[in-house]
Amino acid sequence: MNFSELERIRVEKIERMRARGIEPYPTRAEVTHTTVQAIQLYEQAESAGSADPVQVSVGGRLRAIRAMGKVTFAHIEDGWGRLQLFFRVNELGEAEMERFRDDFDLGDFIQASGVMFRTRSGEITLHVHAFKMLSKAITPLPAAKDEIVDGKVVRHAALTDPETRYRQRYADLAVNPEVREVFRIRARAIKALREYLDNMGFLEVETPILQPIYGGAAARPFVTYHNQLKQNLYLRISFELYLKRLLVGMLDRVYEIGRDFRNEGVSYKHNPEFTQLEFYMAYADYLQVMEITEQMIAYVAQQVLGTTTITFDGNTIDLTPPWRRLELRQGILETTGIDIDQHPTAESLAEAMRAKGMQPKPGYSRGKLIDTLLGDYLEPTLIQPTFLYNYPRDISPLAKSMPGNPLITERFEGYIGGMELCNAFTELNDPLDQEQRFLEMGRDYNADDEERHPMDEDYLRAMSYGMPPCGGFGMGIDRLAMLLADRHTIREVILFPHLREEDRPGEKSEG
RNA sequence: GGGCGUGUAGCUCAACGGCAGAGCAGUGGCCUUUUAAGCCAUUGGUUCAGGGUUCGAAUCCCUGCACGCUCACCA
């Protein structure tokens, strides 16, 4: 390891400690309470009027040291909270006071034992009678100082550089407690989703991540290779086709929470790998799935935040069911003045768009043009929860057509905060129709090999055994976490988001 | 991939063609109820990398790298 001057000073402290027979990385701790438990214990004793000393042993990272000669104050922080420590020469003696001063730095993990009390200024504090090093930090944490303003911790000069925060998430988490809270929110949301679906009788399953044929979405895959099988495998871009096979096998309600991989550009709402929830429910249609969706999201918000009203990007958003339902055609008509029903062909629709001063991509299908209208004009306006429903068939190859209108499918997408959150439909379960859709898709993408999807023969074989009518649902968990934690880029809700490889010392990067 | 922007001490930031600085952190000292403790002293720099212009470059120009924003792409 290459050490900076600051680090070298700490390494020398380690050597001095070892020379004195003190282990800077002891094998075991003897911690009896968390910081928060220690404070609660004292508050209980206080309100009960007990005179018995409240003895605790706590562990945590040193976040502040205020040495004042014969007395020293410090704050430690553990995963639950923070606690002030009070060291006084009267109890510890000169030698121990000196040992603390010489051996300990900000960032070190310390164990402290003693009796809880209140200082003159009223802060519940541990009066330290004994302490030991639990783990010596060599690298100083990105410095930050705290100020208590109206009972809230205000952190000054915290680590803010996004590159450092993402590359060294451990340091980010260590000094920015609100970042830790984001990932607690995320974990609670996933737990609540599981609870909700489990209570409905859904079975959680795991399906292949390495797939011989990828499908279920339109995205370029990551490709890998199995040496013994001598074949290419693809990292899944969705779970859909495998989960629906399970309905053929009489697992009527299944869901999976896991990682999808899409070899596409990154943005504030796209990461190459992201977490998805998909569920499939036999004998349900997209209207029932719609109701489940709004109930489920409201449940999750209630469990995670204790309310169904959230704040996202400055907007107050009410997740209470029922959510607004807006036919896609109507939504586009209202935001652009274009009635897609009046334009049954791509040419006609493109002409209408040009008449409005838009620049539709040449060669786009009618469905892709509609998707452009949706993404560019309608989506940003959908701040309050909204279900857009009834999508064109040619951009919905796995969804069932509406009875009596083969060009429209029973599909909806849920939008919140101007962002697509989920996508669902009445699943296509007619194997002959499905084969036809695959063929149409192949034609659409014939020109561009990268986007063309291979025909999944085994999926058709499964469906030809008979698939019950069913509703299916997919949702980006990262985006849900963004909404619940009020974070505006996906990297803030992914612990280790992808960044370009870091320049390594000694290696010249080639132009 | 395109456009715009950023890159200076461990962290947060100044200096914008003329001696590379501050606060915090660090180091040494004083201080027995502090809490962004205070006071005194002090260390610390390949100014992202490489090239160019200039008497002189952190500053201007070029190239590269990384990051951010944005556009494109992403049923």
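All chains are named by letter (A, B, ...) in the order of the sequence lines, taking the proteins before the strands, and each is independently numbered beginning at 1. This is a predicted model, so every value here is computed, not measured.
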The side chain of T160(A) lies closest to which of these nucleotides: C13(B), U32(B), C74(B)?
C13(B)
Using a cut-off of 4.0 Å on non-hydrogen atoms, how would the nucleic acid contact of R262(A) be classed: base, sugar-phosphate, or nothing?
nothing
Does the side chain of T426(A) pick up a donor-acceptor pair with the side chain of D285(A) at under 3.5 Å?
no
Check for me whether the distance between the ring centres of F86(A) and F117(A) falls short of 6.0 Å.
yes
Nearest-nucleotide check on RNA chain B, T164(A) vs I65(A); residue mapping nearer the 5' end is T164(A)
Hey, does G265(A) reach any base, or is it just sugar-phosphate, or nothing, if we go heavy atoms under 4.0 Å?
base
Counting side-chain heavy atoms from CB outward, which of U32(B), G26(B), C11(B) is closest to L159(A)?
C11(B)
Once you apply the 3.5 Å cut-off to both distances, tell me the Watson-Crick or G-U wobble partner of A37(B), or none.
none
Looking at C71(B), I'd like to know if its phosphate oxygens (OP1 or OP2) sit under 4.0 Å from a side-chain N or O belonging to Y268(A).
no
To the nearest Å, how far apart are L6(A) CG and A25(B) P?
12 Å
Among A75(B), C74(B), U32(B), which nucleotide sits nearest the side chain of Y364(A)?
C74(B)
Please determine, for G23(B), whether a Watson-Crick or G-U wobble partner exists with both distances under 3.5 Å, and give it or none.
C11(B)
Sugar-phosphate only, base, or nothing, as touched by K361(A) at under 4.0 Å among non-hydrogen atoms:
sugar-phosphate
In whole angstrom, give me the gap between the P atoms of G10(B) and G45(B).
9 Å
Is P392(A) touching bases, backbone alone, or none of the nucleic acid, heavy atoms closer than 4.0 Å?
nothing
In a check of salt bridge (charged side-chain N to carboxylate O under 4.0 Å, His left out) between K269(A) and each of E492(A), E379(A), E264(A), which one passes?
E379(A)
Taking the six-membered ring for Trp and the single ring otherwise, decide whether the centroids of F131(A) and F87(A) are under 6.0 Å apart.
yes
Between P on G28(B) and CD on E98(A), what's the gap in Å once rounded to a whole number?
11 Å
Are any of K368(A)'s side-chain N or O atoms less than 4.0 Å away from OP1 or OP2 of C74(B)?
yes
With distance as the sole criterion, do the side chain of D161(A) and the base of U12(B) form a donor-acceptor contact below 3.5 Å?
no
Under 4.0 angstrom, heavy atoms only, what part of the nucleic acid is R411(A) near: base, sugar-phosphate, or nothing?
sugar-phosphate
Within the structure shown, what part of the strands sits under 4.0 Å from V89(A) by heavy-atom distance: base, sugar-phosphate, or nothing?
base
Classify the nucleic acid contact of T119(A) as base, sugar-phosphate or nothing, counting any heavy atom under 4.0 Å across all strands shown.
base
Side chain of E163(A) only, please: which of U32(B), A66(B), U27(B) is the nearest?
A66(B)
Applying the Watson-Crick and G-U wobble criteria at under 3.5 Å, what pairs with C4(B)? Answer none if nothing qualifies.
G68(B)
Look at the side-chain N and O atoms of R500(A) and state whether any lies under 4.0 Å from the OP1 or OP2 oxygen of C65(B).
no
Considering just the side-chain nitrogens and oxygens of R167(A), establish if one lies under 4.0 Å of OP1 or OP2 belonging to C67(B).
yes
Rounded to whole Å, how long is the line connecting atom NE2 of H498(A) with atom P of C74(B)?
21 Å
Please state how far atom CZ in R101(A) lies from atom C1' in C30(B), giving the value in whole angstrom units.
12 Å
For L141(A), which contact category applies under a 4.0 Å heavy-atom criterion: base, sugar-phosphate, or nothing?
nothing
So salt bridge (charged side-chain N to carboxylate O under 4.0 Å, His left out) across residues 84-97 of chain A, not counting sequence neighbours, yields R88(A)-E91(A), E96(A)-R99(A)
E163(A)/R165(A) ion pair, N-O < 4.0 Å:
no
A218(A), nearest nucleotide to its side chain (from A75(B), C67(B), G26(B)):
A75(B)
Mark yes or no for a side-chain to base donor-acceptor pair under 3.5 Å between Q84(A) and U34(B), with no hydrogen or angle criteria applied.
yes
Return the nearest nucleotide to the side chain of E264(A); candidates are C74(B), U27(B), C13(B).
C74(B)
Base of U34(B), side chain of R66(A) - is there a donor-acceptor contact under 3.5 Å?
yes
Residue met sooner reading RNA chain B from 5', once R118(A) and A64(A) are mapped to nucleotides
R118(A)
Residues forming a salt bridge (Lys or Arg N to Asp or Glu O under 4.0 Å) with D339(A), sequence neighbours excluded
R329(A)
